[in-house]
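Take a look at the structure set out below.
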Amino acid sequence: MNLHVYISEHEHFTDFNATSALFWEQHDLVYGDWTSGENSDGCYEHFAELDIPQSVQQNGSIYIHVYFTKSGFHPDPRQKALYRRLATVHMSRMINKYKRRRFQKTKNLLTGETEADPEMIKRAEDYGPVEVISHWHPNITINIVDDHTPWVKGSVPPPLDQYVKFDAVSGDYYPIIYFNDYWNLQKDYYPINESLASLPLRVSFCPLSLWRWQLYAAQSTKSPWNFLGDELYEQSDEEQDSVKVALLETNPYLLALTIIVSIVHSVFEFLAFKNDIQFWNSRQSLEGLSVRSVFFGVFQSFVVLLYILDNETNFVVQVSVFIGVLIDLWKITKVMDVRLDREHKVAGLFPRPTFKDKSTYIESSTKVYDDMAFRYLSWILFPLLGCYAVYSLLYLEHKGWYSWVLSMLYGFLLTFGFITMTPQLFINYKLKSVAHLPWRMLTYKALNTFIDDLFAFVIKMPVMYRIGCLRDDVVFFIYLYQRWIYRVDPTRVNEFGMSGEAPTATGALPPPPTPAPATATATATATATAAAAREEASTPLPATPTQGASSAATEPQEVPPKPAQDKKRD
């Protein structure tokens, strides 16, 4: 077969006679040949400089048209003797790519000055905050799939069905042509403007197996349910670059370790999430837990959510942070008694929420230690916040005062967020116990932190993120040290409000009498039996009626004294 490649500004190509449109022509290719070519891998390539017209310089489109014909035929339908429909397969595609470029209008809020390029500021004023610009990448690969599967129309699974073309008469399908730009990184694209008179282009031809084609097609095809907008897909393309760079540049063993660690990280993240909810849902007592830290965590989550919304972060990240905010709000209902006051409404419409400390928190010494810890913490926290706010206002640029507040709070929490963990350490120190902590959840989060440390040094990340991973490690090691010095005590209350000692139901009853020794009991019994026998022997018989029964009944009888023998026996 023969390969014909044309470059044109038009999506539908008909100008076969224009020699300027013909970019590459390769003859005598064989379908399924994996041994020919310069490198004996079945691949061919062609490089040339394209003279671009003015329309392309001014954000116009440019297309590549690829024709495969059987040897001896031509793709031009007007050449009746050399053209045959079943001997020709055609595929075209736009080879420039439109990308959005955003202009962030930032300035110093005090001086009004900015370090942005004046030309960029002018373009932002002319085209708005978002401008669509044509970009160019110098490489593209044409693959023809080496496959003999007897596909039937309507049975090809997606996303492969959009590449398989069937003949309407015979029902057979044409050879499958696939434009492969999977390895074209987003960072290698550059904008097309009037300063460029020509563009470099390298076109490669290679056979492709069915299995690899399925992988490329699945990775490159976008979902038809584009309800999240094109911005999400642009972000996903940029995020995929890190995966592609890892596949290209990372050591295979390190890459395998990274994949395994990523899976383990996801599992630990789920387990930490599950145990965190389980801990707070089953918690009956707040002894030893910092309630103020829960409220501070809600504030911190809100700041992060507002910051990422203001900076147009990835939609998936926004959803995950929003779910985290909902969980933190739910924790408030577990650490405090929340009621809705319907008598005193907000703006006369909405019930006013009221918060009251739980009795288990008020009656314990935890509240005193919690107040004390945050009082000491404020001596450090507020001066640092003030210094960072002044630094951010003097030396950094912002879009406005709202963005300054959010970026200042976010940067401060990212830098000094570990300070918010110290109240719980202080409470543990005062109580000399760590039995009240959710150790399962802390363990899973600590393992994830160690995994983040690995990623922080394998993948390029900001320095502040690496410092954040290190500070979390330090705090967890302090927790471990406290667990080591505060030994296990069965009388301490654990995270479920219970201790190791079994409760006694008869604790309020008086203790039973102590039984007498066995020898004393036997002696007392023998003495009582002998006394009863003597009394029976010394009692006179009752008198008969003829012998003065009345006097016997009214006068007491005289008992003779006990003989000496009886006293000695007693």
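All figures in this text were calculated on a predicted structure; none of them were measured in a lab.
- Checked against the 6.0 Å centroid criterion, the rings of H90 and Y67 qualify as a close aromatic pair.
- A donor-acceptor pair is defined here as one N or O able to donate and one able to accept, closer than 3.5 Å; such a pair exists between the side chain of T88 and the backbone of R84.
- None of V321, V405, L406 except one satisfies the side-chain contact (heavy atoms from CB on, under 4.5 Å) rule with L306; the exception is L406.
- Aromatic pair F23/H46: centroids less than 6.0 angstrom apart.
- Without hydrogens or angle criteria, Q57 side chain to L196 main chain gives a donor-acceptor distance under 3.5 Å.
- S92 and E11 are not linked by any side-chain donor-acceptor pair at a separation below 3.5 angstrom, with hydrogens and angles left out of the test.
- Side-chain atoms of D328 and S301 form a donor-acceptor pair, as typed in the model, at a separation below 3.5 Å.
- When the disulfide (SG to SG under 2.5 Å) test is applied to C206, the partners found at least two apart in sequence or on another chain are C43.
- At distances below 3.5 Å, not a single donor-acceptor pair connects side-chain atoms of D15 with backbone N or O atoms of A21.
- Ring pair F16/F13 is perpendicular by interplanar angle, where above 60° counts as perpendicular and below 30° as parallel.
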Exercise for the section: Before giving the answer on side-chain hydrogen bond (donor to acceptor under 3.5 Å, both in side chains), spell out for S134 and N59 the whole-Å C-alpha distance, their side-chain angles and the decisive distance to 0.1 Å. Expected result: CA-CA 5 Å; S134 176; N59 234 24; 4.8 Å; no
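- Pairs of residues two or more places apart, or lying in two chains, never qualify as disulfide (SG to SG under 2.5 Å) while including a residue from residues 45-78.
- A donor-acceptor pair under 3.5 Å is formed between the side chain of N180 and the backbone N or O of Y182.
- Aromatic ring centres of Y31 and F68: separated by at least 6.0 Å.
- Taking the six-membered ring for Trp and the full ring otherwise, the centers of H12 and H65 sit at least 6.0 Å from each other.
- Using a cut-off of 4.0 Å between Lys/Arg side-chain N and Asp/Glu carboxylate O, D181 and R93 are scored as salt-bridged.
- The ring pair (Phe, Tyr, Trp, His ring centres under 6.0 Å) search around Y174 returns none, not counting sequence neighbours.
- A donor-acceptor pair shorter than 3.5 Å can be found between the side chains of W34 and D146.
- Donor-acceptor pairing under 3.5 Å is lacking for the side chains of T141 and N139.
- Proximity of a side-chain donor or acceptor of W404 to a complementary backbone N or O of E397 within less than 3.5 Å is not detected.
- With hydrogens and angles left out, the side-chain atoms of Y83 and T69 include no donor and acceptor closer than 3.5 Å.
- A cation-pi arrangement is absent between K153 and Y173 under the rule of less than 6.0 angstrom and at most 45 degrees off the ring axis.
- Side chain of Q162 to backbone of P159: a donor-acceptor contact under 3.5 angstrom is found.
- Rounding to the nearest 0.5 angstrom, the gap separating the CG atom in N39 from the OH atom in Y44 is 11.0 Å.
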